[in-house]
Enquirer: 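Sharing a structure here in structure tokens format.
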There are 2 protein chains.
Amino acid sequence: MTTKKATLKDVAKRAGVHVSTASRALDPRTRHRISADVAAKIAKAAQQLGYRHNQMAASLRTKKTNAIGIVIPDITNMLFPPIIRGVDDRIAPHGYISIIGHTEGDAEREKRVIETLQVRGIDGLIVASARLDDEAITSAMKDDVFIVTVNRRVKDEGVSSVVSDERSGVGAVLAHLVSLGHRHIGYASGPAWSSTGEARLSAYRYWAGTHGIVHSESLIARATEYREAEGARCVDVLLASNPKLTAIVCANDLLAIGALAALKKRGISCPGDISVTGFNDIPFVDRITPSLTTVRIEHYQCGSAAAGILLEDLQAGPVRREPRHIVLPVSLVVRESTGPAPKPPRRKGSR
Amino acid sequence: MTTKKATLKDVAKRAGVHVSTASRALDPRTRHRISADVAAKIAKAAQQLGYRHNQMAASLRTKKTNAIGIVIPDITNMLFPPIIRGVDDRIAPHGYISIIGHTEGDAEREKRVIETLQVRGIDGLIVASARLDDEAITSAMKDDVFIVTVNRRVKDEGVSSVVSDERSGVGAVLAHLVSLGHRHIGYASGPAWSSTGEARLSAYRYWAGTHGIVHSESLIARATEYREAEGARCVDVLLASNPKLTAIVCANDLLAIGALAALKKRGISCPGDISVTGFNDIPFVDRITPSLTTVRIEHYQCGSAAAGILLEDLQAGPVRREPRHIVLPVSLVVRESTGPAPKPPRRKGSR
DNA sequence: GGGCGAACGGCAAACGTTTGCCCGAAATCG
DNA sequence: CGATTTCGGGCAAACGTTTGCCGTTCGCCC
């Protein structure tokens with residue numbers, strides 16, 4: 001027979017004090033209100049009884065769960081685990097834990113997930129699956145949940161965010177390709193509902209105008225999802241209308257991987273015929289063949305920074321603080337998937 | 001001013017019924033005790049007030065949190081995300097959520113993590129970081145926590161587990177290599193404190209005796225951790241004492257990746273000179289060069305099955321059920337890292 | 001028409017903490 | 001030495017549910 005869990009009351013009784021005294025003695029923040037000797041006595045009693053704090057009862061009373069929710073599309077997408085670690089490592093020292101919810105990139109599911117998390121009682125929310133227009137987030141904000149988006153952001157500037165410097169990332173990629181002689185550079189854009197999709201596309205347009213790159217709407221293909229299959233599809237449409245294409249910039253690594261596969265299937269060599277770049281530098285893209293030239297974002301730091309913002313919010317208490325927006329630096333990492341632009345086949349160069 | 005959250009009491013008041021009635025009307029399992037019309041009235045009131053069930057208060061009363069803990073070494077190790085998904089997808093329909101704890105493979109941390117989880121209040125525990133001798137698990141069992149280990153198991157048969165069929169996995173690998181002409185096959189073993197390390201090693205010994213494979217203790221190197229660096233080290237020690245080596249079987253993919261790198265650094269070709277195999281088939285080992293021949297385990301099913309056991313336990317209530325042990329089938333997946341054994345350099349073959 | 005269940009729903013006691021308030025004693029001060 | 005503060009700790013009221021236990025009220029049967 002397992003002795004039913006010891007409660008604070010049991011501890012108090014054994015120590016010969018009132019339960020409230022026991023409570024105070026066991027909480028570091030209030031221990032100073034109790035004399036050292038009686039505190040010691042209580043500690044000993046707790047120890048002997050194998051007392052274990054009941055976080056749920058405490059939460060009910062204080063309305064603080066010391067838990068935060070992390071909402072991501074899918075944990076098997078390797079972009080997210082490092083972010084989660086960043087968050088967890090940051091919040092753990094403060095006594096928080098995280099609860100993960102999966103959206104599968106579905107807005108409807110996101111809403112359900114956030115709802116579940118709220119029922120569960122969370123003190124804050126970190127959302128990595130945010131859409132530019134995210135109803136679930138808007139509605140959660142109404143419930144006074146602290147939210148910060150990570151990796152992506154929402155249109156509403158009132159929601160704190162941590163993102164990477166998309167513009168310079170794309171700029172670095174383009175500069176790199178131009179320096180290799182590429183002029184006809186296609187772009188496989190991410191989905192329009194995602195801030196990364198939108199930001200990186202607009203960055204492409206911005207830089208394309210400044211580098212003497214051939215500029216045409218037909219050089220842009222739009223993926224509807226960040227999925228390998230979409231990357232392959234983008235290659236098909238780009239190739240169809242751009243015979244002179246020598247490079248394809250993809251809005252993220254998954255698209256790039258799909259693109260690589262599509263190229264291979266068509267017998268087009270990379271980087272021999274066409275160079276390909278990605279974005280994010282997810283784990284293992286340095287191991288594939290050809291290893292992927294991409295823009296490294298600091299996944300772990302993203303998570304950590306987002307958690308930092310949330311922690312500040314939480315400590316500030318109910319007063320709603322100014323939203324903050326952090327933009328983390330990125331770096332170009334050149335690997336095998338980019339190389340010099342091939343000379344035009346038979347005829348003289350087009351310049 | 002945000003209207004304070006509506007409570008059950010508010011709902012009851014608005015519907016003109018007693019709070020207990022409201023409680024019953026809102027719970028599908030007890031709704032039948034309430035007449036349809038009053039139930040409808042309550043539902044409407046709840047709806048209008050934006051009532052949201054307070055899981056914490058309920059948990060306090062019922063001592064059920066509907067949450068389970070998942071303990072893993074590190075979420076950025078790609079072996080685990082699919083397992084987690086398997087668990088989550090399985091438990092979600094039953095109203096459960098999961099909370100993840102990271103151990104970094106450290107026994108001490110594992111204990112702390114499980115302790116935290118218990119304070120948090122969890123109904124059960126799925127542990128993927130189990131050691132053969134796992135004090136943290138033993139002690140948690142004492143607290144009557146339902147536990148099932150996944151991927152690994154503990155020595156104590158009283159703890160339910162879900163593992164893969166290590167023995168046939170290793171057997172398949174060996175048969176494959178033998179059929180390619182390999183006879184001098186080294187083995188990079190996993191750590192001895194892990195059930196996979198131990199089971200796969202003993203499987204290697206078992207099969208080595210049956211296939212006419214050269215058998216010697218010097219053909220076995222022991223990794224102390226499942227890490228790439230250890231894989232590389234194993235290659236060093238194996239090569240040092242086995243000049244005729246033509247294949248290296250690694251106890252898991254991470255070791256194999258490390259082995260591949262070490263071989264490459266030494267200018268030894270794989271599979272030309274030496275074939276390499278892994279175990280687990282983690283994501284992306286099909287994308288590296290050379291792509292890895294390995295044993296596929298069903299990560300997702302592992303998680304799902306473990307969750308299934310746990311769910312049964314939970315539904316059975318406090319009666320402790322017989323522990324169950326599930327062994328999932330594996331399959332050999334042949335890729336580029338294995339090839340025919342090279343002929344001995346100059347002299348005639350050794351047979 | 002009396003008796004018997006079943007159906008419906010109210011009552012109140014938990015569940016284990018935290019915390020504002022209060023009180024007595026000791027300490028400090030003028 | 002009286003008045004005032006400080007200190008240590010007890011009291012009890014929450015926090016929002018769930019649930020065993022009872023009363024009513026009906027419908028039904030003989």
Side-chain angles (χ1 to χ4, degrees), chain A residues 3-43 45-46 49-67 95 118-121 123 317-318, chain B residues 3-43 45-46 49-67 95 118-121 123 317-318:
Chain A
T3 51
K4 292 322 288 165
K5 319 283 180 213
T7 94
L8 206 46
K9 207 180 300 182
D10 302 329
V11 173
K13 192 172 303 171
R14 183 175 237 269
V17 300
H18 190 265
V19 51
S20 67
T21 309
S23 172
R24 289 195 254 258
L26 261 19
D27 180 348
R29 286 195 317 270
T30 48
R31 171 147 44 253
H32 64 95
R33 314 220 325 87
I34 307 296
S35 67
D37 51 347
V38 59
K41 200 166 53 181
I42 293 172
L49 263 40
Y51 168 72
R52 183 176 284 148
H53 182 82
N54 184 322
Q55 171 74 43
M56 265 163 9
S59 293
L60 177 58
R61 176 68 227 258
T62 60
K63 297 181 176 320
K64 282 213 51 186
T65 52
N66 289 331
Q118 289 196 74
V119 164
R120 230 66 207 195
D123 298 337
Chain B
T3 51
K4 293 316 293 163
K5 318 281 179 215
T7 93
L8 205 46
K9 207 179 300 181
D10 302 329
V11 173
K13 193 172 303 170
R14 183 177 239 268
V17 299
H18 190 266
V19 51
S20 67
T21 309
S23 171
R24 289 195 254 258
L26 262 19
D27 180 348
R29 287 194 316 270
T30 48
R31 172 148 42 253
H32 63 95
R33 315 227 315 90
I34 307 295
S35 67
D37 50 347
V38 61
K41 199 166 54 184
I42 292 172
L49 262 41
Y51 168 72
R52 184 177 283 148
H53 182 80
N54 183 324
Q55 171 74 42
M56 264 163 9
S59 293
L60 178 58
R61 177 69 226 260
T62 61
K63 296 178 174 322
K64 283 213 49 187
T65 52
N66 289 331
Q118 289 197 73
V119 165
R120 229 68 207 194
D123 299 337

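In what follows, every chain begins at residue 1, and chains take the letters A, B, ... in the order their sequences are listed.
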Enquirer: Once rounded to the nearest 0.5 Å, what's the spacing between atom NZ of Lys13(A) and atom NE2 of His18(A)?
Expert: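 Between Lys13(A) NZ and His18(A) NE2, I get 11.5 Å after rounding to 0.5 Å.
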Enquirer: Specify the separation, in whole Å, of atom CG of Asn54(B) and atom C1' of dC15(D).
Expert: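 So the CG-C1' distance, Asn54(B) to dC15(D), works out to 8 Å.
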Enquirer: side-chain hydrogen bond (donor to acceptor under 3.5 Å, both in side chains) with Arg14(B): which residues, sequence neighbours excluded?
Expert: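 Scan of Arg14(B) (side-chain hydrogen bond (donor to acceptor under 3.5 Å, both in side chains), adjacent residues dropped) gives Gln48(B).
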Enquirer: I'd like to check the side chain to side chain contact (heavy atoms under 4.5 Å, CB included) partners of Lys64(B); sequence neighbours left out, ordered by chain and number.
Expert: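 By the side chain to side chain contact (heavy atoms under 4.5 Å, CB included) rule, Lys64(B) matches Thr62(B), Asn66(B), Tyr96(B), Asp123(B).
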Enquirer: What is the distance, rounded to the nearest whole Å, between atom NZ of Lys64(A) and atom P of dT19(C)?
Expert: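 Distance check: Lys64(A) NZ to dT19(C) P gives 11 Å.
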Enquirer: Show me the side-chain donor-acceptor pairs of residues 50-57 of chain B shorter than 3.5 Å, one per line, residues at least two apart or across chains.
Expert:
residue  : atom : partner   : partner atom : Å
Arg52(B) : NE   : Glu115(A) : OE2          : 3.2
Arg52(B) : NH1  : Gln118(A) : OE1          : 3.1
Arg52(B) : NH1  : Asp143(A) : OD2          : 3.3
Arg52(B) : NH2  : Glu115(A) : OE1          : 3.3
Arg52(B) : NH2  : Asp143(A) : OD2          : 3.0
Asn54(B) : OD1  : Met56(B)  : N            : 2.9
Asn54(B) : OD1  : Ala57(B)  : N            : 2.9
Gln55(B) : NE2  : Ser59(B)  : OG           : 3.1
Gln55(B) : NE2  : Thr65(B)  : O            : 3.3

Enquirer: Nearest whole angstrom, please: distance from the C1' of dG16(C) to the NE2 of His53(A).
Expert: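 It works out to 9 Å between those atoms.
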Enquirer: Could you give the CG-to-P distance, from Leu8(B) to dA14(C), as a whole number of Å?
Expert: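 After rounding, the gap between these two atoms is 20 Å.
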Enquirer: Between Leu60(B) and Arg29(B), name the one whose nearest nucleotide on DNA chain D is closer to the 5' end.
Expert: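 Final value for this comparison: Leu60(B).
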Enquirer: Roughly how many Å is it from CG in Leu26(B) to C1' in dG16(D), rounded to a whole number?
Expert: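 Atom CG in Leu26(B) sits about 13 Å away from atom C1' in dG16(D).
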Enquirer: NE2 of His32(B) versus C1' of dC8(C): gap in Å, rounded?
Expert: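 Computing the His32(B):NE2 to dC8(C):C1' distance gives 12 Å.
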Enquirer: Quick one: label Arg31(A) by what it contacts on the DNA or RNA (base, sugar-phosphate, nothing), any heavy atom closer than 4.0 Å.
Expert: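 No contact.
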Enquirer: Return the value, rounded to whole Å, for the distance between atom NZ of Lys9(B) and atom P of dC15(D).
Expert: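 It works out to 6 Å between those atoms.
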Enquirer: Say you draw a straight line from OG of Ser23(B) to CD1 of Ile34(B); how long is it, rounded to the nearest 0.5 Å?
Expert: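 That separation rounds to 9.0 Å.
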Enquirer: Check whether any side-chain nitrogen or oxygen of Lys5(B) sits under 4.0 Å from OP1 or OP2 of dG16(D), and answer yes or no.
Expert: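 False: Lys5(B) side-chain N/O out of range (4.0 Å or more) of dG16(D) OP1/OP2.
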Enquirer: What does Arg52(A) touch in the nucleic acid at a heavy-atom separation under 4.0 angstrom: a base, only the sugar-phosphate, or nothing?
Expert: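 Arg52(A): backbone/sugar contact only, no base atoms under 4.0 Å.
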Enquirer: What pairs with Ser35(B) under side-chain hydrogen bond (donor to acceptor under 3.5 Å, both in side chains), at least two apart in sequence or on another chain?
Expert: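 Partners of Ser35(B) by the side-chain hydrogen bond (donor to acceptor under 3.5 Å, both in side chains) criterion, ordered by chain and then number, come out as Asp37(B).
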Enquirer: Once salt bridge (charged side-chain N to carboxylate O under 4.0 Å, His left out) is applied, what residue pairs with a partner in residues 17-34 of chain A remain, sequence neighbours excluded?
Expert: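 Applying salt bridge (charged side-chain N to carboxylate O under 4.0 Å, His left out) to every pair that reaches into residues 17-34 of chain A, excluding sequence neighbours, yields Asp27(A)-Arg29(A).
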Enquirer: Would you tabulate the nitrogen or oxygen pairs shorter than 3.5 Å linking the protein to nucleotides 9-13 of chain D?
Expert:
residue : atom : partner  : partner atom : Å
dG9(D)  : OP1  : Ser35(A) : OG           : 3.1
dG9(D)  : OP2  : Ser35(A) : N            : 2.7
dG9(D)  : OP2  : Ser35(A) : OG           : 3.2
dG9(D)  : O6   : Arg33(A) : NH2          : 3.2
dG10(D) : OP2  : His18(A) : N            : 2.9
dG10(D) : OP2  : Thr21(A) : OG1          : 2.1
dG10(D) : O6   : Arg24(A) : NH2          : 2.4
dC11(D) : N4   : Ser20(A) : OG           : 3.1

